[in-house]
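What's counted below: heavy atoms across the whole structure, side chains too, no hydrogens, waters or symmetry copies.
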4 protein chains.
Amino acid sequence: MTQDAQVVTPLGGRCRRKDARPGELIDAALDVFVERGYAAARLEDIAQRAGVTKGTVYLYFTDKEELFEAVVQHTLGGMVARGHLIAAGHTGRAADLLREILGHWWRDIVCDPRASALPKLLIAEACNFPRLARAYYQIVIEPGRALLRDVLQRGIERGEFRPVAVDNVVQFIIGPLVYRQCMQHSLQVAVPGMQLGDGDFLRSFEEHLLASLAPTVAGTVAP
Amino acid sequence: MTQDAQVVTPLGGRCRRKDARPGELIDAALDVFVERGYAAARLEDIAQRAGVTKGTVYLYFTDKEELFEAVVQHTLGGMVARGHLIAAGHTGRAADLLREILGHWWRDIVCDPRASALPKLLIAEACNFPRLARAYYQIVIEPGRALLRDVLQRGIERGEFRPVAVDNVVQFIIGPLVYRQCMQHSLQVAVPGMQLGDGDFLRSFEEHLLASLAPTVAGTVAP
Amino acid sequence: MTQDAQVVTPLGGRCRRKDARPGELIDAALDVFVERGYAAARLEDIAQRAGVTKGTVYLYFTDKEELFEAVVQHTLGGMVARGHLIAAGHTGRAADLLREILGHWWRDIVCDPRASALPKLLIAEACNFPRLARAYYQIVIEPGRALLRDVLQRGIERGEFRPVAVDNVVQFIIGPLVYRQCMQHSLQVAVPGMQLGDGDFLRSFEEHLLASLAPTVAGTVAP
Amino acid sequence: MTQDAQVVTPLGGRCRRKDARPGELIDAALDVFVERGYAAARLEDIAQRAGVTKGTVYLYFTDKEELFEAVVQHTLGGMVARGHLIAAGHTGRAADLLREILGHWWRDIVCDPRASALPKLLIAEACNFPRLARAYYQIVIEPGRALLRDVLQRGIERGEFRPVAVDNVVQFIIGPLVYRQCMQHSLQVAVPGMQLGDGDFLRSFEEHLLASLAPTVAGTVAP
DNA sequence: AATGAATGAGTATTCATTCAT
DNA sequence: AATGAATGAATACTCATTCAT
């Protein structure tokens, strides 16, 4: 009853009640899982970061595994929609679309300290959480690839890009960005001076990709 | 001959193999670390797979952590050194040198089901074992980057490559390969049908890089 | 009343006794340490004797060593303090004060089968637990010596005692009592018939000390 | 065969052969047992200090317990004989005999870093090695007490000492010296600045005892 | 006689999970 | 709904002991 004071939040904002708890726990858990990895993450740390005690976690999640899965599922949701919307509404040049998609990836995910952390988690735990791995594959990876495949194919069909092995090039696009995300949340934390390229990474990367995709006048590329 | 007497142990039980043991333990440890992850790997399992008991591990390594370091050092330490040798002895075109280095990386690491697993391990555990992360950085990452930087710079100086932001391009080279290695040991294990590109990945990648690096006749690249 | 609800636990199982637990654990630990010695004392035995399980010990003490320190502090910490209080409030003859202090030592420590066991423990483990040894020195030994030093000095200044080498005589006072305590918990346990003097030890000891400290008419003491 | 070089020692002294081994091991073991206590003493350290390897210890002693018992038995031997010889041959004043005995105890045992260490060991381990405790009692303690008892009784009979409770006074003589020996090998090792009296301990002690034993002219001792 | 590689039982410590309040 | 005291299974590490050489 005395607690009701909390429900009436002075700022009129979101009040701390049981409805908010799962989200707060998921938030806190994401942080800790990312920092420590699944095995080393302690329920007590997660609870503390969410401002509750260990026991409370079990009111919302049956065990650590379920919490982990909820964290991933919840964080995954926001990562997909945008790309498809962008592609669907785009009518201009394929290069511009590619740039736009990369720009969004960069700003919304790579630069977001929370969103950028998921790949590391999934790479580390996929074998122990195959169900999660499959969800991630279906929700993030396959749609993401399809998106990039479409862009490349569109560009090739229009003669904007040279004909390349689309599925492979998709990996060349995904690889450097995911690699960077992983490093941000692993080695770079442990090795203080470590750099991940020399500034303006996104611009460099766009240029790199478009240079590679540019149609050649003659077959001058590779011997 | 003298060695054979030791290797072919008549009795399955205790046998003296002081010279061979560290290697056998490192081998077994690599397997178990890759399968289970560092934290979940039990010293007893590692020992058992090496055909010894727990205690024996501590005759050769002071720690679980030291064993892990030995695994990394032993598995990848030599690889980068070999790359530098190749580069040092190379006098031909930078593109050929790049191809040669990528070929070695591909065949000796990416295609080796054990060596290819280490980046995933390191990414997963770097935050919890900073000492290990720093060792990996010094043994593998920094030398590897330096190697690729040299190749690129050599190509640019000779006019074989266009002038690019070297440190970034190094990441574009490393990214797709490490990403592939990570996938091989995580999602691909959990998602049966998952593909990592459509065949001839290495050839595609070489072509992709060289196309991007090729000097442009005019500024035709990107607006 | 509110406390009683906790103390009388209806179910033998889990009950919350946060306030009482540390004391119960210290009690149990003293027993086990005395019986087995520090190294041979198993945390599990201590826990069991306190009616809890292993894990519970770690809710209250970070370490076996810290538990040991708590045992020493709790068992002897108050005793010396009491001695100082007695000395501070004493205005009569030094001999009487000395008798009073010895009486307390005798009744509260030598005759307490648990408190009397600590010197033996400390003597046995000091080399392996220097931190503990230093704590014991500061909590028990140095204050105890200071107390006796004061009494002797007071007696000498007042002419009640002859002038003696105070620091040495302090050892002559401590020695027989600590020696007796050690024997009670070692040889006397193993050698059934062993005697530690012939009754009325305390009275004898007081007389012995006061006879030695008595001022001499002439220098008749030693040739 | 090449080893024979060891047998022919250049200095003509005691050569290292199997006959000497047990003694060397006992020597080394005494050191380590005293430093660490029985439980914390590692067979490997003992072996190393004796210049052999762990396995060798088991050629001479069936296990750690037997080695410990051998150490104590062996060291005990030297501690008894002298005192009795002195007493047997003494015809002068009891005080002089007491002084002589204390002097020998002081110089041969208290000041000998090896011999002085036994009491600590036995006090610490008597409960776990009752057989040893009984041996120590019979070989050292009881004869030692008897010796002191005789001296005191002789002094009392001759009127050199006042009539005291002999068995108690024996403890007052033994206590400070044994206490000192224990401290030398325990707290004093761990607490660097610790002092055990202020110099000339032996002289002080003799004086202290003789002052206490001196016959009183009148009943001036204690009320 | 000596070695030292190998063993494996034993224990302090951690942490996910439970449940009385 | 929330707490936090209590649990107990799990594991890294130590060291006395064995035995093939």
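Nucleic acid contact class of A/V52 (heavy atoms, under 4.0 Å, all strands): sugar-phosphate only. At the heavy-atom level, D/A41 lies under 4.0 Å from the strands shown only through sugar-phosphate atoms. Counting any heavy atom pair closer than 4.0 Å across all strands shown, C/L43 reaches sugar-phosphate atoms only and no base atom.
The side chain of C/K54 contributes no N or O atom lying less than 4.0 Å from OP1 or OP2 of F/dG8. Remark: C/T56 is in phosphate contact with F/dT7, judged by side-chain N or O atoms under 4.0 Å from OP1 or OP2.
Per the geometry, CG belonging to B/D19 stands 13 Å off P belonging to E/dG4, to the nearest Å. A straight line from CD of A/E44 to C1' of E/dT18 spans 14 Å, rounded to a whole angstrom. If you measure from atom CZ of D/F61 to atom C1' of F/dT18, you get 18 Å, rounded to the nearest angstrom. Following rounding to the nearest Å, C/Q48 (CD) and F/dG8 (P) show an atom-to-atom distance of 12 Å. Separating the CD atom of B/E24 from the P atom of E/dA5 is a distance of 14 Å, rounded to the nearest angstrom. One can place CD1 of C/I46 at 12 Å from P of E/dT11, the figure rounded to the nearest angstrom. Atom pair C/L67:CG and E/dT11:P shows a separation of 17 Å (rounding to whole Å applied).
Pairing for F/dA1 is absent, judged as Watson-Crick or G-U wobble with the two contacts each under 3.5 Å. Base pairing analysis places E/dT7 opposite F/dA16; the two distances defining the Watson-Crick or G-U wobble pair are each below 3.5 Å. Taking a pair to require two hydrogen-bonding distances under 3.5 Å in either a Watson-Crick or a G-U wobble arrangement, E/dT13 pairs with F/dA10.
Residue order along DNA chain E, read from the 5' end via each residue's closest nucleotide, puts C/R42 first among C/R42 and A/T62. In this structure, B/E65 and C/V57 both approach DNA chain F, and ranking their closest nucleotides by distance from the 5' end singles out C/V57. Summary of the strand contacts: C/D63 and D/T53 both lie near DNA chain E, and taking for each the nucleotide with the nearest heavy atom, the more 5' one is attributed to D/T53.
Annotation: side-chain hydrogen bond (donor to acceptor under 3.5 Å, both in side chains) contacts of C/N128 (sequence neighbours excluded): none.
Among the nucleotides F/dC15, F/dA5, F/dT17, the one closest to any side-chain atom of C/L59 is F/dA5. When distances are taken from the side chain of D/Y60 to each of F/dA5, E/dA2, E/dT7, the shortest belongs to E/dA2. You'll find that the side chain of C/K64 is closest to E/dA12, out of E/dT17, E/dA12, F/dC13. Of the candidate nucleotides F/dT3, F/dA12, E/dT3, F/dA12 has the atom lying nearest to any side-chain atom of B/Y58.
Here D/E35 pairs with D/R49 in a salt bridge; the nearest charged N to carboxylate O distance falls below 4.0 Å.
For the pair B/R114 (side chain) and B/V34 (backbone), a donor-acceptor distance under 3.5 Å is absent.
Between B/F129 atom CZ and B/R134 atom CZ the span is 13.0 Å, to the nearest 0.5 Å. Between A/I46 atom CD1 and A/L30 atom CG the span is 10.0 Å, to the nearest 0.5 Å. B/F68 contributes atom CZ, which lies 13.0 Å from atom CD of B/Q73 (distance to the nearest 0.5 angstrom).
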